[in-house]
Asks: 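Structure below; questions to follow.
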Amino acid sequence: MNKQILPVGNILVRKEVAEMHFKCDLLKCKGACCTFESHYGAPVTWTEVEKIGSLLSKVIDYIPQEHKQVIKEEGFYEIKKDEPLLKSYQNKACVFVYYENEIAKCALEKAFIEGKTDFKKPISCHLFPIRVSDFGGDVLRYEHLDQCEPAIELGKKDNTTVAEFCEEPLNRLYGKEWYSQFKELIGK
């Protein structure tokens, strides 16, 4: 087995997920992960598309008018390479972004926090900076992005790794038992 890959049950985890320091610093990055310039929005599952569609009326009031217009005219998702992706506004901000003190935040998450929905956000967003690749099974890796340098600095300062920062979404995706096995494997 490759020493850079850790097998946890039937999931493979790149060692950097366990070792890399990371803790979001929104005051410095301003929510850059929700506003990257790209022709591809955040990946979502078909189940998430259905769920978001069902709660759209509870979220729509949080987002800026220009994002509402995109959703009204084009919908909130698109299909690229047979996979659903959230739409973005001008190939930058996710259509569910709203701004609070110049920081990009998620309207889906705001509605969840305020108790209006039972859906926090798409798992790909919740897991960030972890990305899941499918090579006959899930492989977890750390997504290296320059915009996240402040998160690396804060992670070092607070001694928080990517794995620890992403405990909640990893539990959400794979369950608490899997996460406990992962922590045991990495000696945490």
Asks: Might you confirm whether atom CD of Glu184 has over 12 heavy atoms from other residues, nucleotides or ligands at distances under 6.0 Å?
Replies: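 No, the 6.0 Å shell around CD holds no more than 12 heavy atoms from other groups.
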Asks: Does NZ or CZ of Arg172 fall inside the cone over Phe119's six-membered ring, less than 6.0 Å from its centre and within 45° of the axis?
Replies: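 Cation-pi check for Arg172 and Phe119: passes.
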Asks: Any non-hydrogen side-chain atom of Val162 less than 4.5 Å from a side-chain atom of Glu16?
Replies: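 Heavy-atom side-chain distance check fails, nothing below 4.5 Å.
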Asks: Answer yes if Leu56 and Val95 sit in the same cluster of Ile, Leu, Val, Met, Phe, Trp and Tyr residues linked by side chain heavy atoms under 4.5 Å apart, and no otherwise.
Replies: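 Looking at the clustering, Val95 is in the same group as Leu56.
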Asks: Assess whether side chain to side chain contact (heavy atoms under 4.5 Å, CB included) is satisfied between Ile103 and Leu27, documenting all intermediate values.
Replies: CA-CA 7 Å; Ile103 296 173; Leu27 295 176; 4.0 Å; yes
Asks: Return the CZ to SG distance between Phe36 and Cys94, rounded to the nearest 0.5 Å.
Replies: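 SG of Cys94 is found 12.5 Å from CZ of Phe36.
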Asks: So, do Ser38 and Asn91 sit near enough that their side-chain heavy atoms are less than 4.5 Å apart?
Replies: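 No; the side chains remain at least 4.5 Å from each other.
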Asks: Between Tyr179 and Ala163, what is the shortest heavy-atom contact and its length?
Replies: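 Between these two residues, the closest heavy atoms are OH-O, 3.0 Å.
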Asks: Working to the nearest 0.5 Å, report the span between CG of Asp146 and CD1 of Ile152.
Replies: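 Spacing of CG (Asp146) from CD1 (Ile152) equals 9.0 Å.
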Asks: Within a strict 4.5 Å, meaning less than it, do heavy atoms of the His21 and Thr160 side chains meet?
Replies: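 A side-chain contact is absent here, since even the closest heavy-atom pair is not under 4.5 Å.
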Asks: With heavy-atom distances below 4.5 Å as the criterion, would you say the side chains of Ile71 and Ile63 are in contact?
Replies: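 In contact.
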Asks: Report the residues that fulfil ring-ring contact (aromatic ring centres under 6.0 Å, His included) with Tyr89, sequence neighbours left out, ordered by chain and then residue number.
Replies: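 Scan of Tyr89 (ring-ring contact (aromatic ring centres under 6.0 Å, His included), adjacent residues dropped) gives His67.
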Asks: Is there a side-chain contact between Glu143 and Arg141, using heavy atoms and a 4.5 Å cut-off?
Replies: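 In short, these two side chains touch, coming nearer than 4.5 Å.
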Asks: Could you check if a side-chain atom of Pro84 sits within less than 4.5 angstrom of a side-chain atom of Glu78, using non-hydrogen atoms only?
Replies: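 Pro84 vs Glu78: side chains apart.
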Asks: Go through the structure and list residues passing side-chain contact (heavy atoms from CB on, under 4.5 Å) with Ala18, not counting sequence neighbours.
Replies: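 With neighbours one apart ignored, the set is Leu6, Phe182, Ile186.
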Asks: Linking I/L/V/M/F/W/Y whenever any side-chain heavy atoms sit under 4.5 Å apart, do Ile79 and Leu85 land together?
Replies: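 Each belongs to a different hydrophobic cluster.
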Asks: Between Lys81 and Glu83, does at least one N-O distance fall below 4.0 Å, as a salt bridge requires?
Replies: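 No, this pair does not count.
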Asks: According to a 4.5 Å side-chain heavy-atom criterion applied to Ile, Leu, Val, Met, Phe, Trp and Tyr, with indirect links allowed, do Phe112 and Phe96 form part of one hydrophobic cluster?
Replies: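 Hydrophobic grouping puts Phe112 apart from Phe96.
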Asks: So, does Asp134 use its side chain to make a donor-acceptor pair with the main chain of Gly136 at under 3.5 Å?
Replies: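 Yes, the answer is positive, given that a donor and an acceptor are paired below the 3.5 Å cut-off.
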Asks: Considering residues at least two apart in sequence or located in another chain, which fulfil the side-chain contact (heavy atoms from CB on, under 4.5 Å) criterion with Cys24?
Replies: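 side-chain contact (heavy atoms from CB on, under 4.5 Å) list for Cys24, sorted by chain: Phe22, Phe165.
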Asks: Centroid separation under 6.0 Å, is that true for the rings of Tyr142 and His144?
Replies: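 Distance test on ring centres: under 6.0 Å, yes.
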Asks: May I ask you to check whether over 12 heavy atoms, not counting those of Glu50, lie within 6.0 Å of atom CD?
Replies: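 Open: at most 12 neighbouring heavy atoms sit under 6.0 Å from CD of Glu50.
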Asks: Ser88 and Val70: which non-hydrogen atoms are nearest, and at how many Å?
Replies: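 Shortest heavy-atom contact: O-CG1, 4.4 Å.
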Asks: Work out which heavy atom in Ile130 is nearest to a heavy atom in Cys166; give both atom names and the distance.
Replies: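 Minimum heavy-atom contact is CD1-CB, 3.7 Å.
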Asks: Any ion pair linking Glu66 and Lys68 (charged N to carboxylate O, less than 4.0 Å)?
Replies: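 No salt bridge links Lys68 with Glu66.
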Asks: Taking atom NZ of Lys15 and atom CD of Gln4, what is their separation to the nearest 0.5 Å?
Replies: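 Output value for this atom pair is 6.0 Å.
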Asks: Quick one: does any side-chain atom of Ser124 pair with a main-chain N or O of Pro43 as donor and acceptor, under 3.5 Å?
Replies: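 The answer is yes, because a donor-acceptor pair under 3.5 Å joins these two groups.
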Asks: Might you work through the side chain to side chain contact (heavy atoms under 4.5 Å, CB included) test for Arg14 and Ile5, ending with a clear yes or no?
Replies: CA-CA 4 Å; Arg14 290 189 53 92; Ile5 303 285; 3.7 Å; yes
Asks: Check for a donor-acceptor pair, side chain of Trp178 on one end and backbone N or O of Val8 on the other, with a separation under 3.5 Å.
Replies: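 Yes: the side chain of Trp178 pairs with the backbone of Val8.
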Asks: Are Leu108 and Ile113 connected in a single hydrophobic cluster, I mean Ile/Leu/Val/Met/Phe/Trp/Tyr linked by side-chain heavy atoms less than 4.5 Å apart?
Replies: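 Looking at the clustering, Leu108 is in a separate group from Ile113.
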Asks: Using side-chain heavy atoms (C-beta onward) and a distance below 4.5 Å, is Val49 in contact with Leu86?
Replies: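 Side-chain contact under 4.5 Å: no.
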Asks: For Lys156, I'd like to know if atom NZ has over 12 heavy atoms of other residues, nucleotides or ligands within 6.0 Å.
Replies: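 No - once you tally the heavy atoms of other residues, nucleotides and ligands closer than 6.0 Å, there are 12 at most.
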Asks: Which atom pair, heavy atoms only, marks the closest approach of Val59 to Ala107?
Replies: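 Of all heavy-atom pairs spanning Val59 and Ala107, the closest is CG1-CB, 3.5 Å.
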Asks: Before giving the answer on side chain to side chain contact (heavy atoms under 4.5 Å, CB included), spell out for Ile60 and Tyr62 the whole-Å C-alpha distance, their side-chain angles and the decisive distance to 0.1 Å.
Replies: CA-CA 5 Å; Ile60 200 80; Tyr62 295 123; over 6 Å; no
Asks: Rounded at 0.5 Å granularity, tell me how far CG in Leu12 sits from CG in Leu140.
Replies: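 Rounded to the nearest 0.5 Å, the CG-CG separation comes out at 8.5 Å.
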Asks: Quick check for you: to the nearest 0.5 Å, what is the distance between Lys157 atom NZ and Asp25 atom CG?
Replies: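 Nearest 0.5 Å value for the NZ-CG distance: 8.5 Å.
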Asks: Distance from Ile123 atom CD1 to Leu173 atom CG, nearest 0.5 Å?
Replies: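 Answer for the CD1-CG pair, Ile123 versus Leu173, is 5.0 Å.
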Asks: Is the closest basic N to carboxylate O distance between Lys110 and Glu114 below 4.0 Å?
Replies: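 Yes.
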Asks: Are the side chains of Phe128 and Leu145 in contact, using a 4.5 Å heavy-atom criterion?
Replies: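 Yes. Closest side-chain heavy atoms under 4.5 Å.
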Asks: Taking atom types as modelled, find out whether Glu164 and Thr161 have a side-chain donor-acceptor pair closer than 3.5 angstrom.
Replies: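 The criterion, which ignores hydrogens and geometry beyond distance, is satisfied for Thr161 and Glu164.
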Asks: Out of curiosity, does Leu26 fall in the hydrophobic cluster containing Tyr99 (side-chain heavy atoms, cut-off under 4.5 Å, transitive links)?
Replies: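 Different hydrophobic clusters.
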Asks: Run the side chain to side chain contact (heavy atoms under 4.5 Å, CB included) test on Lys121 and Cys106 for me, step by step, so that the C-alpha distance in whole Å, both residues' side-chain angles and the decisive distance to 0.1 Å come before the verdict.
Replies: CA-CA 8 Å; Lys121 61 173 113 177; Cys106 178; 4.3 Å; yes
Asks: Treating Tyr77 as the side-chain partner and Ile52 as the backbone partner, does any N or O pair qualify as donor plus acceptor under 3.5 Å?
Replies: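 No: the side chain of Tyr77 does not pair with the backbone of Ile52.
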Asks: Using 4.0 Å as the upper bound for N to carboxylate O, is an ion pair formed by Lys87 and Glu74?
Replies: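 Looking at Glu74 and Lys87, the cut-off is met.
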Asks: Closest heavy-atom contact between Pro150 and Lys28?
Replies: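 Where Pro150 meets Lys28 most closely, the heavy atoms are CB-CB, 3.7 Å.
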Asks: Give a yes or no on whether the backbone of Thr45 and the side-chain of Glu48 come within a donor-acceptor separation of less than 3.5 Å.
Replies: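 Confirmed, Glu48 side chain pairs with Thr45 backbone.
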